[in-house]
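What you see is a predicted model, and the numbers here were worked out from it, not measured in a lab.
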Amino acid sequence: MSRWKGLPEELDPRVRQLVVRLRRVKDHSGLSLRQLAAKTGYSTSSWERYLAGRALPPREAVEAMARLGGDDPVRLLALHEVAAEAWGKGAERQSEPAGDGTGRGPGPQSPPPGTKSGAEPETKSGAEPGAELGTGLGTGAPRPHGRALRITLIAGSVALVLAVAATVLLAVRLTDGEGGAAAADLTASATTAPGSLKESDRPRYTCRAERIDGRWYAGNSRTQKAVLANGHAGPEVAEAQCLLREAGLSPGAVDGIFGPHTERAVRALQKRANLVVDGIIGPHTWKALRE
């Protein structure tokens with residue numbers, strides 16, 4: 001099992017969710033980064049950046065990862081669409097009309113010309129001379145000027161609109177199939193921002209634990225598949241906090257916000273249940289919480 005470094009604190013929860021899932025699929029495949037590069041055509045250093053949350057992988061790379069790791073490509077691509085929307089918005093906020101005056105191109109968060117919003121230019125495996133695993137250094141990109149910059153901004157906006165439309169269509173299709181409920185829970189938890197509501201407007205949660213059909217429920221959510229991580233908020237988080245209390249672990253206040261106290265309690269539960277200790281609530285951790 002790989003020992004992954006922590007993801008950047010400022011990383012959007014929707015992007016964090018995709019990166020965590022890709023890390024799990026990579027671990028499940030048993031492939032090293034070099035083997036992954038050889039089988040997908042994306043360089044070793046590119047995969048290092050994707051799995052460290054410093055760059056958004058292309059759709060084709062995500063699909064190839066799902067195939068190699070035996071994961072459901074539909075669900076993984078749905079996560080990618082949501083993450084692409086969040087990444088695109090972050091790139092628009094941080095982009096500048098010109099360089100920094102040093103002669104270098106735009107910063108790592110600004111999408112270079114000719115690429116989709118939030119994605120970096122790709123090279124095939126072995127095409128980056130001198131690149132080393134763990135450095136996270138890429139090649140420089142020319143700075144856009146004048147008309148080229150306007151074309152880049154327009155193309156990024158169009159790509160963002162298409163990504164949002166694709167996400168909506170995919171969500172509608174999933175609701176007609178077997179994974180509909182899970183996709184709905186996932187999208188809801190990924191788009192809930194802890195700071196989006198005033199303190200007085202935040203919902204109040206209570207714990208009413210009862211055992212139904214051999215499983216524990218606390219009255220806030222009946223999900224068993226929603227993926228939750230530090231930074232998420234909503235009734236699913238409150239449900240997990242109540243169940244952690246029932247298990248004798250302290251997640252802090254039952255406020256529906258997944259913070260450091262809740263993450264520590266989740267890790268303690270995972271260690272007790274002999275699960276992967278990553279502080280992220282997925283199907284296996286939900287099963288341990290409800291047993």
Q: From the options D72, V62, V82, select the one residue that forms a side-chain contact (heavy atoms from CB on, under 4.5 Å) with L77.
A: V62
Q) Do L76 and V20 share a hydrophobic cluster, counting only Ile, Leu, Val, Met, Phe, Trp and Tyr and linking them when any side-chain heavy atoms are less than 4.5 Å apart? A) yes
Q. In terms of side-chain heavy atoms, does T223 have a donor or acceptor partner in E239 at a distance below 3.5 Å?
A. no
Q: Would you check if the side chain of K26 reaches a backbone N or O of L31 as a donor-acceptor pair within less than 3.5 Å?
A: yes
Q: Locate the shortest heavy-atom distance separating S43 from A37; write the atom from each residue and the value.
A: C-CB, 3.8 Å
Q: Would you sort out whether V25 and L68 count as a side chain to side chain contact (heavy atoms under 4.5 Å, CB included), showing the intermediate values?
A: CA-CA 8 Å; V25 176; L68 293 172; over 6 Å; no
**Q.** Any donor-acceptor N or O pair under 3.5 Å, side chains T206, R208
**A.** yes
Q.
I want to check something: taking the side chain as every heavy atom from C-beta on, are D255 and Y205 in contact at a cut-off of under 4.5 Å?
A. no
**Q.** Test salt bridge (Lys or Arg N to Asp or Glu O under 4.0 Å) applied to E63 and R59, step by step
**A.** CA-CA 6 Å; E63 191 171 8; R59 178 185 176 89; 5.0 Å; no
**Q.** Cluster link I281 to V277, ILVMFWY, side chain under 4.5 Å
**A.** no
**Q.** Approximate separation, where rounding is to 0.5 Å, of L7 CG and R54 CZ
**A.** 10.5 Å
**Q.** Residue pair L269 / A288: nearest heavy atoms and the distance that separates them
**A.** CD2-CB, 4.4 Å
Q: Return yes if a side-chain donor-acceptor contact under 3.5 Å exists between E236 and N220, otherwise no.
A: no
(Q) For D27 and W4, which I'm curious about, is there any donor-acceptor pair between the side chains at under 3.5 Å? (A) yes
(Q) Minimum heavy-atom separation for A84 and L56, please, with both atom names. (A) CA-CD2, 3.6 Å
Q.
Quick one: does any side-chain atom of H80 pair with a main-chain N or O of P57 as donor and acceptor, under 3.5 Å?
A. yes
Q: May I ask you to decide if L51's main-chain N or O and R23's side chain share a donor-acceptor pair within less than 3.5 Å?
A: yes
Q. Are any of the side-chain nitrogens in D12 or R14 under 4.0 Å away from the carboxylate oxygens of its partner?
A. yes
Q) Which heavy-atom pair separates L11 from W87 by the least distance, and what is that distance? A) CD1-CZ3, 4.2 Å
Q.
Regarding R24 and D71, does a basic nitrogen lie under 4.0 Å from an acidic carboxylate oxygen?
A. no
Q. Given side chains that start at C-beta, do those of Q17 and V227 come closer than 4.5 Å, heavy atoms only?
A. yes
Q: Decide if atom CZ of R267 counts as having more than 12 heavy atoms of other residues, nucleotides or ligands within a radius under 6.0 Å.
A: yes
Q) To the nearest 0.5 Å, how far apart are CG in L249 and CZ in R264? A) 12.5 Å
Q: Measure from the side-chain N and O atoms of E85 to the backbone N and O of A163, and report whether any donor-acceptor pair falls under 3.5 Å.
A: no
**Q.** Close side-chain approach of P58 to Y42, heavy-atom, < 4.5 Å
**A.** yes
Q: Keeping the roles fixed (side chain from W286, backbone from A226), state whether a donor-acceptor pair exists under 3.5 Å.
A: yes
Q | Within-4.5 Å side-chain heavy-atom neighbours: R245 and P251 | A | yes
Q) Can you list the other members of the hydrophobic cluster that holds L275, where links are side-chain heavy atoms under 4.5 angstrom apart? A) none
Q: Work out which heavy atom in C242 is nearest to a heavy atom in V254; give both atom names and the distance.
A: SG-CG1, 3.7 Å
Q: Report the distance from atom CD of Q270 to atom NE2 of H284, rounding to the nearest 0.5 Å.
A: 11.0 Å
Q: Indicate yes or no: at least one non-hydrogen side-chain atom of V237 is less than 4.5 angstrom from one of I257.
A: no
(Q) Is the positively charged end of R211 above the ring of Y217, judged by distance under 6.0 angstrom from the centroid and angle within 45° of the axis? (A) no
Q | Nearest heavy atoms of I212 and R222, plus distance in Å | A | CD1-NH1, 3.8 Å
Q: Please lay out, stage by stage, how T40 and W47 fare under the test side chain to side chain contact (heavy atoms under 4.5 Å, CB included).
A: CA-CA 10 Å; T40 62; W47 276 114; 2.9 Å; yes
(Q) Could you walk me through whether Q224 and R290 satisfy the side chain to side chain contact (heavy atoms under 4.5 Å, CB included) test, starting with their C-alpha distance in whole Å, then the side-chain angles of each, then the deciding distance to 0.1 Å, before giving a yes or no? (A) CA-CA 9 Å; Q224 298 184 47; R290 296 201 182 279; 3.9 Å; yes
Q. Does a side chain donor of either T262 or Q241 reach within less than 3.5 Å of an acceptor in the other side chain?
A. yes
Q.
So E291 and W216, do their side chains get closer than 4.5 Å, heavy atoms only?
A. no
Q: Let me see the working for I280 and V266 under side chain to side chain contact (heavy atoms under 4.5 Å, CB included), right down to the final yes or no.
A: CA-CA 7 Å; I280 298 172; V266 170; over 6 Å; no
